[in-house]
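Data first, discussion second: the structure below is written as structure tokens.
None of the values given here were measured: they were computed from a predicted structure. Heavy-atom basis, side chains included; hydrogens, waters and symmetry copies ignored.
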Amino acid sequence: MQRLILTALALLLAAHASLAESIARVEPPNWWVGFEHRELQLMIHGDGIGRNEPSVRHDDVTIARVVRGDSPNYLFVYLDIAEDAAPGTLELRFESDGDILTHNYELKAKNSDPGHAVGFSAKDAIYLVTPDRFANGNPANDTVEGMGDPLNRDDDYGRHGGDLAGVAAHLDYIADMGFTQLWLNPILENKVERASYHGYSTTDYYAVDPRFGTNAEFKALTDQARSMGVGMIMDQIVNHIGIGHWWMDDLPTEDWLNFQNDVTITSHARTVNLDQYASEYDRMMHTDGWFVESMPDLNQRNPLLADYLIQNSIWWIETVGLSGIRQDTWPYPDKHFMAEWARRIMQQYPDFNIVGEEWSTNPVIVSYWQRGKVNPDGYVSHLPSVFDFPLQDAVVKALTTDGPEWQSPWTSVYESLANDILYPDPLNIVIFPDNHDMDRIFTQLNEDENLFRIAIALFATMRGIPQFFYGDEILMSHTGTSSHGALRMDMPGGFEGGSSNAFTGDGLTDAERSAQEFVRTLLNWRKNRDVVHYGRYMQYAPIGDTFVYFRYDEDDTVMVVFNRSDETQRLELDRFYERINSKDTATDIMNGKQFMLDDVLVLEPMSVHILDITRPGNR
């Protein structure tokens with residue numbers, strides 16, 4: 001009898017052990033009380049979990065509904081969290097054939113700090129970093145067993161070992177350069193066999209890639225950066241996942257992916273989003289097609305997936321204390337989902353900011369997405385910011401081509417800015433000389449140091465929010481190749497070996513050191529100039545190789561003057577009477593020289609002058 005009892009007990013324990021193993025994941029792993037949106041979706045994944053009946057034990061939380069996936073291994077439990085619910089632990093119970101499994105789920109108190117999730121704005125300058133190529137702070141995580149794609153610094157598309165510890169070790173450099181926001185290329189798990197370094201093939205939405213660090217390290221990095229006056233912008237991707245995502249072994253529903261059973265590559269025809277003449281077929285081929293074969297395209301029209309993705313973004317904002325999100329490939333997912341995704345985030349964090357990537361040089365297409373735009377098709381966007389690809393293209397054209405004889409080379413920039421009439425909020429547009437997907441600006445400008453200074457000065461003083469790519473400040477270039485692996489090169493000083501160190505200045509050439517000091521001086525001046533952040537913008541039609549614009553408000557005026565000619569120019573000042581007069585004094589912020597703005601301003605060849613204007617009575 002005793003043997004029978006022991007056998008029965010062993011079988012019972014084995015059954016419960018098996019049941020306990022049936023919960024592999026609960027996502028999100030925790031949540032908060034006090035949110036505007038009371039409903040919370042829990043995705044529960046485990047062997048046969050979909051056959052269980054869930055219940056909850058908590059005075060302030062009830063189950064609103066339960067949705068079962070097409071796979072028996074998923075259960076979607078929607079909780080209703082009372083408005084005045086107290087933080088604490090609730091008990092989730094799953095019952096099947098008399099067996100009961102419990103899971104404790106934590107509801108935290110929402111962060112009460114009013115600055116916890118305040119977004120980036122025109123007062124900021126953003127530093128874009130590809131973490132794998134910036135600095136190696138922890139060699140122990142360079143290669144992680146089971147992740148694939150081991151360290152190989154000789155391969156442009158291999159992992160080079162940069163990590164969050166490396167970024168943390170050089171936050172003082174970033175802050176000293178005058179940057180006030182840090183945008184990291186994606187840091188979430190990318191468990192793929194090749195080219196995982198760039199981060200755009202997410203395989204776990206709730207875990208930092210172990211070769212970069214841990215979730216706790218990301219939180220610590222964000223806290224440390226904030227203490228130094230630098231906010232954190234997270235690069236996110238809701239359009240697609242990496243082929244190695246754990247979902248791919250067991251998709252929750254039959255429509256979790258677009259073209260789930262017949263891989264089809266996107267047409268990339270982004271114009272269909274606003275083209276009144278577009279066919280439904282063309283719209284589908286753009287939004288539903290996979291970006292590449294290794295990036296399965298998510299179907300955001302599936303309401304379970306839509307809720308999952310929205311909650312994931314909110315989870316990272318609240319967990320880490322982000323100051324912004326950069327959303328990859330904005331026009332590729334379902335556009336109505338994207339509107340709801342942004343609406344939900346901004347509902348919860350009204351002072352937050354999000355910038356979406358719409359890579360088009362047509363401002364009609366880019367402006368379609370900015371919040372506040374009245375679109376002819378009735379589409380309402382909730383995206384606060386967009387990238388100004390049209391201006392970037394116009395600046396490079398102005399500095400590298402002459403154009404027709406009857407037109408100034410600066411006309412492309414002048415007309416690009418005249419198109420601001422299309423944008424609801426031009427001050428909240430992100431402007432940039434380059435990024436991680438295009439040739440570095442020094443390369444684009446044929447490695448001309450003077451043109452580099454002109455470009456950097458323009459983007460630092462123009463309306464909008466300037467963003468610069470790591471290493472641009474020391475003239476990083478890659479002439480002869482446009483390989484993405486090459487342009488995302490290692491930051492000098494961030495890795496063992498190498499003959500120079502950007503962080504200390506050791507080994508830099510005179511040209512590199514001079515460019516670095518130019519950027520540092522310019523951005524630290526900009527940091528405290530509200531007139532450049534939020535002042536009005538007035539531009540004058542360019543004449544020949546000269547272009548002049550002003551940033552001004554009731555108290556301050558800044559005059560920016562460019563000469564892209566290789567000859568000295570004499571700029572007659574009388575036509576700028578609306579903004580300056582002959583009694584005004586100008587201080588060139590780059591060299592401290594002061595002079596009167598009387599009749600003529602002499603412009604050295606290939607030069608930029610950024611002039612702080614002082615006038616009698618400071619009118």
Is a side-chain donor-acceptor pair under 3.5 Å present for Asp490 with His160?
-> yes
From the list Tyr470, Phe134, Phe503, ring pair (Phe, Tyr, Trp, His ring centres under 6.0 Å) with Tyr173 holds only for Phe503
Side-chain contact, heavy-atom cut-off 4.5 Å: Tyr157 with Asn152?
-> no
Thr266 (side chain) donor-acceptor with His268 (main chain) under 3.5 angstrom | yes
Can you tell me how far the CD1 atom of Ile241 sits from the CG atom of Leu257, to the nearest 0.5 Å?
-> 5.5 Å
Under 3.5 Å, side chain of Glu91 to main-chain N/O of Thr102, donor-acceptor pair present?
-> no
Check ion pair Asp328-Arg326 (N to O, under 4.0 angstrom) = yes
Test item: side-chain donor near acceptor, Glu39 and Tyr78, under 3.5 Å = no
For Asp439 and His478, the nearest pair of non-hydrogen atoms, with its separation, is OD1-CE1, 3.2 Å
Could you tell me the separation between the CD1 atom of Ile233 and the OG1 atom of Thr222, rounded to the nearest 0.5 Å?
-> 11.5 Å
Parallel under 30°, tilted from 30 to 60°, perpendicular over 60°: which one fits the rings of Trp315 and Trp32?
-> tilted
No-hydrogen, no-angle side-chain donor-acceptor test under 3.5 Å, Asp209 and Asn190 = no
Going by distance alone, is a donor N or O of one side chain under 3.5 Å from an acceptor N or O of the other, for Arg211 and Thr143?
-> no
Under the side-chain hydrogen bond (donor to acceptor under 3.5 Å, both in side chains) test, residues paired with Arg440 that sit two or more places apart | Asp472
Distance from Thr89 atom OG1 to Glu106 atom CD, nearest 0.5 Å?
-> 5.5 Å
Hey, mind stepping through Gln348 and Glu318 against side chain to side chain contact (heavy atoms under 4.5 Å, CB included) and telling me if it holds?
-> CA-CA 10 Å; Gln348 186 55 54; Glu318 186 64 23; over 6 Å; no
So, the side chain of Glu217 versus the backbone of Thr214: is there a donor-acceptor pair under 3.5 Å, distance only?
-> yes
Is any side-chain N of the basic residue among Arg283 and Asp334 closer than 4.0 Å to the acidic one's carboxylate O?
-> no
Gln392 side-chain N/O to Asp434 backbone N/O, donor-acceptor pair under 3.5 Å | no
Of all heavy-atom pairs between Pro296 and Gly242, which one has the smallest distance, and what is that distance?
-> CD-C, 3.8 Å
Side-chain (Glu357) to main-chain (Thr329) donor-acceptor, under 3.5 angstrom = yes
Quick one: closest heavy-atom pair of Leu383 and Trp369, and the distance?
-> CB-O, 3.4 Å
Compare every heavy atom of Met476 with every heavy atom of Pro492, then report the nearest pair and how far apart it is.
-> CD-SD, 4.1 Å
Hey, is Asp132 close enough to Arg153 for a salt bridge, meaning N to O under 4.0 Å?
-> no
Between Glu53 and Arg68, is the closest basic N to carboxylate O distance under 4.0 Å?
-> yes
Is a donor on one side and an acceptor on the other found under 3.5 Å between the side chain of Ser112 and the backbone of Lys110?
-> no
Tyr127 ring center near His170 ring center (under 6.0 Å) = no
Separation between CD (Gln347) and CZ (Arg344), nearest 0.5 Å, reads 6.5 Å
The ring pair (Phe, Tyr, Trp, His ring centres under 6.0 Å) partner of Phe432 among Trp183, Phe459, Phe387 is Phe387
Atom NE2 in His45, atom CG in Leu75: separation rounded to 0.5 Å?
-> 11.5 Å
Taking the six-membered ring for Trp, are Tyr206 and Tyr308 parallel (under 30°), tilted (30 to 60°) or perpendicular (over 60°)?
-> perpendicular
Do Asn302 and Thr253 have side-chain atoms, one donor and one acceptor, less than 3.5 Å apart?
-> yes
List the steps and the verdict of salt bridge (charged side-chain N to carboxylate O under 4.0 Å, His left out) for Glu340 and Lys335.
-> CA-CA 9 Å; Glu340 178 62 10; Lys335 70 179 186 179; over 6 Å; no
Can you name the residues that form a side-chain contact (heavy atoms from CB on, under 4.5 Å) with Thr202, not counting sequence neighbours?
-> Leu188, Tyr205, Ile237
Where do Asn273 and Pro331 come nearest, in terms of heavy atoms and distance?
-> ND2-O, 3.1 Å
For Pro139, what residues pass the side-chain contact (heavy atoms from CB on, under 4.5 Å) criterion, not counting sequence neighbours?
-> Asn136, Asp142
Between Arg488 and Tyr197, is any side-chain donor less than 3.5 angstrom from a side-chain acceptor?
-> yes
Are Asp235 and Leu184 close enough, and set up right, to give a side chain to side chain contact (heavy atoms under 4.5 Å, CB included), and what steps lead you there?
-> CA-CA 6 Å; Asp235 205 334; Leu184 301 180; over 6 Å; no
Would Asp113 and Arg226 satisfy salt bridge (charged side-chain N to carboxylate O under 4.0 Å, His left out), going step by step from the backbone distance to the final call?
-> CA-CA 13 Å; Asp113 179 2; Arg226 184 187 293 111; 5.7 Å; no
dist Ile126:CD1 -> Phe469:CZ (nearest 0.5 Å) comes out at 14.0 Å
Once the angle between the rings of Phe352 and Tyr349 is folded into 0 to 90°, is it parallel (under 30°), tilted (30 to 60°) or perpendicular (over 60°)?
-> tilted
Give the minimum heavy-atom separation between Asn428 and Pro384, together with the two atoms involved.
-> ND2-O, 3.2 Å
Distance-only, no hydrogens or angles: does the Asn30 side chain make a donor-acceptor pair with backbone N or O of Leu107 under 3.5 Å?
-> no
With Ala85 via side-chain contact (heavy atoms from CB on, under 4.5 Å) - residues at least two apart | Val33, Asp60, Ile81, Ala82
Would Thr481 and Asp156 satisfy side chain to side chain contact (heavy atoms under 4.5 Å, CB included), going step by step from the backbone distance to the final call?
-> CA-CA 11 Å; Thr481 178; Asp156 283 348; over 6 Å; no
Under 3.5 Å donor-acceptor, Ser477 side chain and Phe442 backbone | no
Does CD in Gln260 sit with more than 12 non-hydrogen atoms of other residues, nucleotides or ligands closer than 6.0 Å?
-> yes
With distance as the sole test, does Gln236 use its side chain to make a donor-acceptor pair with the main-chain N or O of Met234 at under 3.5 Å?
-> no
Do Arg25's NZ or CZ and the ring of Trp246 fall within the cation-pi criteria of under 6.0 Å and 45°?
-> yes
Residues passing the ring pair (Phe, Tyr, Trp, His ring centres under 6.0 Å) test with Trp256, sequence neighbours excluded, are Trp247
Please step through side chain to side chain contact (heavy atoms under 4.5 Å, CB included) for the pair Val167 and Leu221, ending with a clear verdict.
-> CA-CA 8 Å; Val167 176; Leu221 172 64; 4.1 Å; yes
Under the side-chain contact (heavy atoms from CB on, under 4.5 Å) test, residues paired with Pro350 that sit two or more places apart | none
For Gln300 and Pro333, indicate whether the former's side chain and the latter's backbone hold a donor-acceptor pair under 3.5 Å.
-> no
